[in-house]
Amino acid sequence: MVLYDELKINPVKQKKTAGGARTTREEELAKLAPLHPIINDILGYRELQKLLSTYIEKMPAQIGEDGRLHAEFLQTGTTTGRMGCQNPNLQNIPIKSEYGRRIRTAFSAPNGRVLAALDYSQIELRIAAGLSGDKKLVQIFKSGGDVHAAVAAQVFNVPPELVDHEMRRRAKVINFGILYGMGVNALRANLGASVTRDEAATYLSEYFKNFSGLARFIEHTKAEAARLGYTETLFGRRRYFAGFKSSIQGLRAQAERMAVNAPMQGTQSDIIKLAMVEADAVIEKRGWRERAELVLQIHDELVYELDEKIAEEAARAIRDVMESVAPRDLLSGVPILAEASMGKDWGTMKKLPR
DNA sequence: TTAGATAGCGCG
DNA sequence: AAAGCGCGCTATCTAA
């Protein structure tokens with residue numbers, strides 16, 4: 001018990017799975033690491049085994065006669081309008097860990113070609129700003145710069161130059177959480193053990209005090225979703241929710257969170273689809289039909305295979321398309337920006353300067 | 001032996 | 001965990 005106290009571990013409150021068993025998921029297991037060295041060994045094993053069984057051992061057998069992996073992209077596979085991908089899923093190829101990124105290097109362009117990855121930067125948060133018209137958030141995006149740092153300055157009420165790393169990190173967690181309809185408890189869990197529930201509550205209230213336009217938009221979205229039974233993206237595409245009719249509070253709350261997220265994730269998926277269509281038209285018009293091919297779509301990112309001779313020009317052109325298909329006038333003037341990077345393989349990409 | 005459910009984890 | 005959104009895949013266990 002002394003040991004537990006010193007380590008600030010509560011031996012009683014162990015998280016349970018849906019089936020009632022004590023969970024062994026990474027986040028909970030990691031808390032036990034100070035108790036025995038085997039914990040970190042187990043977590044390390046888990047990471048490698050996941051990469052091994054899901055990617056390294058499976059992918060080679062799925063390569064076709066043409067030397068390529070052919071996934072199935074589903075155009076009606078999600079509730080929000082995103083694409084799905086299966087057999088194999090190429091939308092979840094590792095990148096976050098060191099070993100994961102190494103797996104990505106196995107995806108490479110044939111001779112004479114390069115891969116170009118073009119991704120929208122913070123697009124869902126920009127859409128949140130644009131749809132809500134929140135004055136401060138719109139201004140932050142209009143003036144460019146670091147959105148997480150700028151939000152930190154507001155939430156923690158300090159001048160921008162006094163925003164430190166930890167404040168920025170916390171603001172980033174909050175920014176992401178907003179997009180998912182996150183509440184106080186989830187926010188606290190994501191901010192880490194050093195933050196109390198009261199602190200998390202304060203952050204959330206400071207956030208919505210500063211970004212009151214966004215707060216109103218979120219409340220309006222919930223209310224309309226409950227009243228009408230659906231939400232709409234910027235382009236009017238609807239998603240219906242059955243949960244609001246439920247007599248079970250948990251299901252109604254879940255419907256609210258889904259409804260908050262749907263317009264933002266949905267508008268994002270609309271925009272990248274417009275970009276895919278328009279980029280194809282540009283490729284045709286520029287005579288690049290045989291020299292520029294879309295190979296992957298990963299929600300906010302397009303991956304093209306480009307002939308080396310036109311790679312930079314084509315990447316810039318596609319980037320311009322991605323940025324211009326987003327109707328800025330309908331998004332409170334918030335700019336939608338995309339970044340391009342290129343390389344021989346997917347794990348080693350170099351950013352393309354503007 | 002197979003199908004379905006569960007736990008866990010890869011990605012945006 | 002999920003009172004944090006959206007996916008698909010693997011390993012494992014249970015039931016048929």
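So that the names make sense, note that chain A is the first sequence line, chain B the second, and so on, each numbered from 1. On a predicted model such as this, the values are computed, not experimentally measured, just so you know.
- For the pair E199(A) and R170(A), the salt-bridge criterion is not met [side-chain N within less than 4.0 Å of a carboxylate O].
- Taking a pair to require two hydrogen-bonding distances under 3.5 Å in either a Watson-Crick or a G-U wobble arrangement, dA3(C) remains unpaired.
- Computed from coordinates, the K16(A) NZ to dG8(B) P distance equals 13 Å when rounded to whole Å.
- One can find a donor-acceptor pair under 3.5 Å joining the base of dG10(B) and the side-chain atoms of N92(A).
- Distances shorter than 4.0 Å separate none of the side-chain N or O atoms of T54(A) from OP1 or OP2 on dT10(C).
- L179(A) comes within contact range of no nucleotide atom at all, as no heavy-atom separation falls under 4.0 Å.
- For the pair E98(A) and R102(A), the salt-bridge criterion is met [side-chain N within less than 4.0 Å of a carboxylate O].
- To the nearest 0.5 Å, atom CG of residue L302(A) and atom CD1 of residue I318(A) are 8.0 Å apart.
- T24(A) has a side-chain polar atom (N or O) that falls below the 4.0 Å cut-off from OP1 or OP2 of dG8(B).
- Note: CE (M83(A)) to C1' (dG6(C)) measures 15 Å, nearest angstrom.
- A close approach under 4.0 Å does not occur between any side-chain nitrogen or oxygen of S53(A) and OP1 or OP2 of dC9(B).
- The side chain of R46(A) places an N or O atom within less than 4.0 Å of a non-bridging phosphate oxygen (OP1 or OP2) of dC9(B).
- The nearest whole Å value for the distance from the CG atom in L296(A) to the P atom in dC11(B) is 15 Å.
- When the side-chain nitrogen and oxygen atoms of R257(A) are compared with OP1 and OP2 of dA2(C), none of them lie within a distance under 4.0 Å.
- Taking side-chain N and O atoms only, R82(A) has no distance below 4.0 Å to OP1 or OP2 of dC7(C).
- Considering all non-hydrogen atoms of both residues, C85(A) and L90(A) come closest at SG-N, 3.3 Å.
- Mapped onto DNA chain C by nearest heavy atom, R25(A) and H299(A) fall at different nucleotides, with R25(A) at the one closer to the 5' end.
- Comparing A18(A) and P88(A) along DNA chain C, the residue whose closest nucleotide (by nearest heavy atom) sits nearer the 5' end is A18(A).
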